[in-house]
Amino acid sequence: MIEKGAWGIVGMGIMGTSLSRNFISHGFKLSLYNRYVKGKEEKVALEIAQKYGILDKCIVFESLEDFVKSINIPRKLILMLPAGETIDKILQKLKFLLEKGDIIIDGGNSQFKDTERRALFLKENEIQYIGMGVSGGREGALEGPSLMIGGDKRAYETIKKDLKKIAAKDYKGNPCCSFFGSGGAGHYIKMIHNGIEYVEMQLLAEVFELLMNYFKLDFELVQKELESWQNSSSDSYLLRITSIILKYYDSEGSNFVSNILDQASNRGTGAWATISGAAIGSPNSLMTAALHARYTSVMKSKRVEFSKLSNFTKNKSSISLKQLKKIYDLCRWINHHQGFDMINTACKEYNWKTNLATVARIWSEGSIIKSKLMETLSTSFWSSSSIMKMERFRNSMNKSQNDWTQVINYAGNNLIPIPCISTSWNYFLAMTQKFSNANLIQAQRDFFGSHGFILNNQKENSLNHGPWNK
Ligand code: 6PG
């Protein structure tokens with residue numbers, strides 16, 4: 001008799017395959033399923049199992065019914081599928097193939113509200129549902145991802161031992177895997193992760209363009225400079241891969257990056273993060289700036305057309321590399337501040353109890369945004385709940401005014417857009433301003449719409465109107 005699978009993996013794409021190899025390397029028995037689409041997806045699971053020796057003991061399926069029967073009860077299934085309709089379609093089938101107490105985990109980048117809707121749908125048949133953010137790309141899935149989990153707490157108790165085995169381990173050896181709350185909490189945390197990721201990438205792109213200008217388009221010098229930043233608190237996975245990428249040249253001697261069309265794509269998570277910040281009233285202007293930088297990049301033909309209409313010219317200006325690095329570091333702190341603040345606000349809004357130190361800890365290894373800074377935050381959040389109040393940030397920020405203005409001027413004088421750097425600066429100024437200009441906005445709102453305002457030092461929250469409406 002064939003031994004049943006302890007886990008079932010659905011979807012043998014890059015992430016599903018890598019995660020399966022990870023499970024097997026920890027001694028789990030697996031059932032693998034990939035759908036059958038004539039002429040397009042045939043024998044996919046079988047071929048994957050044959051390709052990777054380590055998977056040859058897995059039982060493979062193209063029939064969902066047989067796959068489900070091959071898994072130990074309570075069945076534990078992980079869906080590694082693209083977000084959206086594909087998930088709904090398979091859940092329609094699984095709802096009637098699975099039994100009470102079985103557990104389905106969505107390990108894709110699903111929208112957190114979709115996860116909540118799906119959990120209710122499956123609850124009708126007493127099937128437990130988990131939304132699990134998985135970060136780390138192919139390498140993370142294979143060697144240990146960062147796992148952000150939300151949904152049915154009882155189901156988590158059943159699966160956590162296994163998931164902790166396959167997760168990345170932090171610098172103390174603890175698994176980067178944690179439960180963050182009911183419903184879509186896991187996918188929400190992953191969405192914020194991706195928002196922070198978008199900004200981290202955009203900041204590097206801005207720094208790259210500034211350095212290219214500084215080093216007069218010499219890729220080698222830019223690469224060396226970024227590589228040297230790794231030996232400091234600026235170190236991160238994204239910084240490292242950027243300096244690796246910049247080492248590649250084509251056969252004609254051109255740096256490989258210069259062959260790539262300058263239009264950045266996205267799969268939606270950055271837009272969801274941006275929308276969510278707006279929906280819960282948590283400023284996430286850096287994520288918004290990074291997302292819109294991608295959108296602007298996509299408008300290539302318009303950019304080319306409009307570039308002919310601008311008569312701006314470059315002016316002489318200077319910065320030091322030390323200044324640029326300092327501003328890069330500070331922007332990263334501000335980016336993390338906005339992201340973590342959003343988690344705090346969302347927890348209140350959706351009734352989740354999430355510890356920021358734990359979030360930072362499980363992102364400190366395995367994830368795409370793992371970094372020295374994240375490691376620092378995983379301990380600093382125990383003594384301070386806000387990055388703006390953290391001593392290290394404050395000390396560095398308070399000595400940086402000249403560096404900010406110099407970097408911003410340098411970019412302006414050289415006609416280099418720096419949406420995330422300049423947004424960081426503006427956000428910091430706004431958040432440290434005792435008196436804002438919002439009194440005028442309130443007066444305008446009242447003038448044209450009688451929306452009312454509260455007066456300075458007013459005790460009760462009743463609304464007043466200005467003399468203009470009389
Ligand atoms: C991760 C990544 C991963 C993926 C995103 C990128 O943590 O492993 O965030 O989930 O890279 O899908 O999203 P975009 O295609 O929107 O850049």
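In listed order, ligands and their atoms are each counted from 1. Quick note: residue numbers are just sequence positions, from 1.
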Could you tell me which atoms of ligand 1, counted from 1 in the order shown, lie closer than 4.0 angstrom to a heavy atom of [X]?
X	value
Asn194	5 (C), 9 (O), 10 (O)
Arg294	14 (P), 16 (O), 17 (O)
His193	7 (O)
Gly137	8 (O)
Arg267	14 (P), 15 (O), 16 (O)

Is the closest basic N to carboxylate O distance between [X] and [Y] below 4.0 Å?
X	Y	value
Glu124	Lys95	yes
Lys308	Glu305	no
Arg117	Asp114	yes
Lys43	Glu62	no

request  = Please confirm whether Gly136 comes under 4.0 Å of ligand 1, counting heavy atoms of the residue only.
outcome  =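 Gly136: in contact with ligand 1 (<4.0 Å).
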inquiry  = When you measure from the heavy atoms of Met201 to every atom of ligand 1, does any distance fall below 4.0 Å?
reply    =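 False for this residue.
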message = Quick check against the 3.5 Å criterion: does Gln230 have a side-chain atom that pairs as donor or acceptor with the backbone of Asp235?
response =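 No.
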request  = Return a yes/no value for Asn109: is any of its N or O atoms, backbone included, closer than 3.5 angstrom to an N or O of ligand 1?
outcome  =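 The answer is yes, given that Asn109 and ligand 1 share an N or O pair closer than 3.5 Å.
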task = Examine Ser135 against ligand 1 and note whether any of their N/O atoms are separated by less than 3.5 Å.
result =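 Checking ligand 1 against Ser135, an N or O pair does fall under 3.5 Å apart.
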message = Return the closest protein heavy atom for atom 9 (O) of ligand 1 as residue, atom name and distance.
response =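 The closest one turns out to be Glu197 OE1, 2.6 Å.
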request  = Kindly state whether the ring of Phe340 and the ring of Phe381 have centres lying under 6.0 angstrom apart.
outcome  =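 Close enough - the centres of the two rings lie under 6.0 Å apart.
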query = Under the salt bridge (charged side-chain N to carboxylate O under 4.0 Å, His left out) rule, what pairs show up with a residue in residues 346-363, not counting sequence neighbours?
reply =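 Pairs touching residues 346-363 that pass the test: Asp170-Arg361.
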